[in-house]
There are 4 protein chains.
Amino acid sequence: MKEHVKDKKTAIMGAALKLFTERGFHGTSTAQISKNAGVATGTLFNYFPTKEDLINSLYFEVKGNLGHSMGVGLEAETTFQDKLKRIWSNLVNWGVNNQEEFLFVGQFCSSPYITKFTRDEVMKEYVFLHNFVDEGIKTGEVRDFPAELVIAMFYQGSREVVNLILDSDSSLDKNKIIADGFQILWRGLAKV
Amino acid sequence: MKEHVKDKKTAIMGAALKLFTERGFHGTSTAQISKNAGVATGTLFNYFPTKEDLINSLYFEVKGNLGHSMGVGLEAETTFQDKLKRIWSNLVNWGVNNQEEFLFVGQFCSSPYITKFTRDEVMKEYVFLHNFVDEGIKTGEVRDFPAELVIAMFYQGSREVVNLILDSDSSLDKNKIIADGFQILWRGLAKV
Amino acid sequence: MKEHVKDKKTAIMGAALKLFTERGFHGTSTAQISKNAGVATGTLFNYFPTKEDLINSLYFEVKGNLGHSMGVGLEAETTFQDKLKRIWSNLVNWGVNNQEEFLFVGQFCSSPYITKFTRDEVMKEYVFLHNFVDEGIKTGEVRDFPAELVIAMFYQGSREVVNLILDSDSSLDKNKIIADGFQILWRGLAKV
Amino acid sequence: MKEHVKDKKTAIMGAALKLFTERGFHGTSTAQISKNAGVATGTLFNYFPTKEDLINSLYFEVKGNLGHSMGVGLEAETTFQDKLKRIWSNLVNWGVNNQEEFLFVGQFCSSPYITKFTRDEVMKEYVFLHNFVDEGIKTGEVRDFPAELVIAMFYQGSREVVNLILDSDSSLDKNKIIADGFQILWRGLAKV
DNA sequence: AATGAATGAGGCTTCATTCAT
DNA sequence: GATGAATGAAGCCTCATTCAT
């Protein structure tokens, strides 16, 4: 029974993810979402009181998921550079392997439909990245730039690499771009 | 007479710029735009047959404007690095001085409401940036990375710097961030 | 349950019939129809995706209904003349007893809002009249005129009789006009 | 100058005739009429204070024109039958030679946009037809049917003949249909 | 008389949400 | 919980008409 319930909820979120990404928030009707999810129009509102609740739940889940992926396998790395590189490739690979989620996050990260509450809640997953970079600056591995600047260029840099890989016109090798991108950043950031 | 006409059109585009940026395309009604522009609902449609025509005209104008600004004062610079730095600060300063335009472009550059035609038309302004970077790679000023990657990191990097400057929480010095940002990139890109 | 549904649909079609006939297609707003039918504005579109779909459904139903009525009781008649007379009075009586439908058909039979598809679909009901007249000409009951001409004069003749009967100014006896009208036609058409 | 004025007015009425017939009253915008007439939107309202005024003027002119044509050459005929036949072919030929006017009259003769005033005004042209038929009944040339019935079948009969001739699918000879149609009617109406 | 930009009421249709089954 | 018909506010766009030039 619990399974059954989860099925419908998952189906709704899946359909919403796809449609919101393709057509935007107002461009997608709850009826379309229900239809794509294979449930009745009323059912959606059993799980999400409001269309905005739905997109906020979705954003929370997807961005949280990204936050988790970011840190996977970090303990296996020893040097600061290797750890940072691992985070970098985790970010890029998540985007490449979860294309819809990647586009969704990019599109709605600064959307007015995502409440400040959701945004703040999600940020908690990213504290560790801030701490990690701060640490790097303190220990001198990274040159003395404002931490926000470093994080922003790092995070958006990884997104650009994903875009390049996903861009069907481009025939570049995935792993090479990941490595090249990191090299640019690391040479730019590292001391010496 | 021509002035009068231009007034209304300009007022509509101005209101649309602000509202589209704040609330998205579907989140903004043509009635709101007309009201904010101080014209009747019907007047908007005298100038733009369709809401989509309006946003496309707007995008064309705004992004074209950005394209122009990018190259201003370039002839005063001599070295490749100085030229690139000038482009960088042109980009950042345009964003800081044209906040609404900056956010608008960021939000709608990959929106489905902007037609391929508009996008292609606008791209023409950016050919010179591609050529410039290609040249830099060929002459060895820039290390041998894929040009797309370099351009993407450069362009998006400049956008991140603008975001940081505009971010009211941040109390960082504008010129320092511009310089720091460029330094990170240049060290990452330049040969030796 | 089914009843309830049918109620609303029927109410909408009834209101549409009356209003379209009185004020024309563009002269009638969907809001007026909904209001007259006692349903919400949106409800109309649950049953008819489009205003044009509504008028086409209506035309199909009404003209089909007329087609059916035309042949009622035909088997009770023996001679060709009696059969034709029965069709004649069926046509007239249908018009007199279904005034709104009668006017509706007259007004929209050559309207651009009725699609060719609807028109063709409806025509199927009238094939039998064509065959019947053809037969009459072949057996010599009817003089050798083009069948189209005969049918047109017959069908439109019946319509004129209805108009005369409905015309409130006229104080003529209904059955007499029906008989007179048929007499004129029959004397005009019959051999000898 | 007077010519010039008449030119614009005529152009407007011509465009209106065509468009009203093709797309109906509400289906045609005054802007479309102006455009087709080659004048500015405002100009139309210099001649016709209202869209309804325009269609009423048009109806008055067109139907009056038909009324006139009906009686042309009547004095050349001697017998009642020949005179009636002349009216019949005048009616048919007017319709065939003035297709747009013919359709316009058919479409708007019972339209709510034509005021009772216009309708009555126009009727004056048709008094003579009534008198003519009355006379025929009184002298015994025509059998004793209600005059309204005779006129209705006569007038609508002529319209059906026009429809048949204009119907491109039909390959019937024009003059034969005119003669056949009259024969049907005359045999139906005439004493003996 | 001629023009056409401006107006704003009104038309068709969509859609988030409710609720009786 | 699940369903889907019903609702009516709100959205995009049209259009008859006015009026300053």
Side-chain angles (χ1 to χ4, degrees), chain A residues 1-2 4-5 7-9 25-35 38-54, chain B residues 1-2 4-5 7-9 25-35 38-54, chain C residues 1-2 4-5 7-9 25-35 38-54, chain D residues 1-2 4-5 7-9 25-35 38-54:
Chain A
M1 192 156 42
K2 200 69 174 290
H4 196 228
V5 163
D7 268 7
K8 302 230 177 214
K9 190 169 180 180
F25 181 72
H26 274 111
T28 304
S29 70
T30 55
Q32 277 167 52
I33 297 171
S34 302
K35 195 172 183 183
V39 302
T41 61
T43 304
L44 187 154
F45 292 90
N46 286 151
Y47 295 100
F48 308 96
T50 272
K51 197 185 176 186
E52 295 217 347
D53 280 314
L54 168 55
Chain B
M1 188 156 41
K2 203 70 172 291
H4 198 228
V5 162
D7 270 5
K8 304 232 177 216
K9 192 171 180 179
F25 181 72
H26 275 114
T28 304
S29 71
T30 54
Q32 280 166 44
I33 296 171
S34 302
K35 197 170 183 180
V39 302
T41 61
T43 303
L44 188 155
F45 295 94
N46 284 157
Y47 294 99
F48 307 97
T50 278
K51 198 186 178 186
E52 294 215 350
D53 279 312
L54 169 54
Chain C
M1 189 158 39
K2 203 69 172 291
H4 198 230
V5 163
D7 270 5
K8 304 232 176 215
K9 191 170 181 179
F25 181 72
H26 274 115
T28 304
S29 71
T30 56
Q32 278 165 46
I33 297 172
S34 302
K35 197 171 185 180
V39 302
T41 60
T43 304
L44 189 154
F45 293 94
N46 283 156
Y47 294 99
F48 307 97
T50 276
K51 198 186 178 187
E52 294 215 349
D53 279 312
L54 169 55
Chain D
M1 192 157 40
K2 198 72 173 290
H4 197 229
V5 162
D7 269 7
K8 302 232 176 210
K9 190 169 181 179
F25 181 71
H26 275 110
T28 304
S29 70
T30 55
Q32 276 166 54
I33 297 171
S34 301
K35 194 171 184 182
V39 303
T41 62
T43 304
L44 187 154
F45 293 91
N46 285 151
Y47 295 100
F48 308 96
T50 273
K51 195 185 178 188
E52 294 216 347
D53 280 313
L54 167 56

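The sequence lines fix the lettering, A, B, ..., with proteins before strands; numbering per chain opens at 1.
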* To do: Grab the two heavy atoms, one from D:Lys8 and one from D:Tyr47, that are nearest each other, plus how far apart they are.
  =>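 Scanning both residues completely, I find the closest heavy atoms to be CB-OH, 3.9 Å.
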* **Residue pair C:Ser34 / C:Leu44: nearest heavy atoms and the distance that separates them** =>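 Closest pair (atom of C:Ser34, atom of C:Leu44, distance): OG-CD1, 3.7 Å.
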* To do: Could you let me know what E:dC19 is paired to, Watson-Crick or G-U wobble, both distances under 3.5 Å, or none if it's on its own?
  =>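 Pairing partner: F:dG4.
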* Sort out the partner of F:dC12 for me: Watson-Crick or G-U wobble, both distances under 3.5 Å, none otherwise. =>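 Because both required distances fall under 3.5 Å, F:dC12 counts as paired with E:dG11.
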* Asked: Quick one: are B:Leu54 and B:Ile33 in side-chain contact, heavy atoms under 4.5 Å?
  ->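 Yes; the side chains approach each other to less than 4.5 Å.
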In whole Å, what is the span from the [atom1] atom of [X] to the [atom2] atom of [N]?
X	N	atom1	atom2	value
C:His26	E:dG10	NE2	C1'	13 Å
D:Phe48	F:dT18	CZ	C1'	18 Å
C:Gln32	E:dC12	CD	C1'	13 Å
D:Leu44	F:dC19	CG	P	17 Å
C:Asn46	E:dT13	CG	P	13 Å
A:Phe45	F:dG4	CZ	P	15 Å
A:Lys51	F:dA10	NZ	C1'	13 Å
D:Tyr47	E:dT3	OH	P	9 Å

* Asked: Under the 3.5 angstrom rule, does the side chain of B:Ser29 hit a backbone N or O of B:Gln32 as a donor-acceptor pair?
  ->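 Checking the backbone N and O of B:Gln32 against the side chain of B:Ser29, a donor-acceptor pair under 3.5 Å is found.
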[X] side chain N/O closer than 4.0 Å to the phosphate oxygens (OP1, OP2) of [N]?
X	N	value
B:Thr43	E:dA6	no
A:Thr50	E:dT17	yes
C:Lys8	F:dT7	yes
A:Thr30	E:dC15	no
A:Ser29	E:dT14	no

* Nearest 0.5 Å please: distance from the OG1 atom of B:Thr28 over to the NE2 atom of B:His26. =>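 B:Thr28 atom OG1 to B:His26 atom NE2 measures 10.5 Å (nearest 0.5 Å).
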* Can you find a donor-acceptor pair, distance only, under 3.5 Å between A:Thr41 side chain and F:dA5 base? ->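 For A:Thr41, whose side chain was compared with the base of F:dA5, there is a donor-acceptor pair (under 3.5 Å).
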* **Comparing B:Ala40 and C:Thr28 on DNA chain E - which has the more 5′ nearest nucleotide** =>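 The residue mapped nearer the 5' terminus is B:Ala40.
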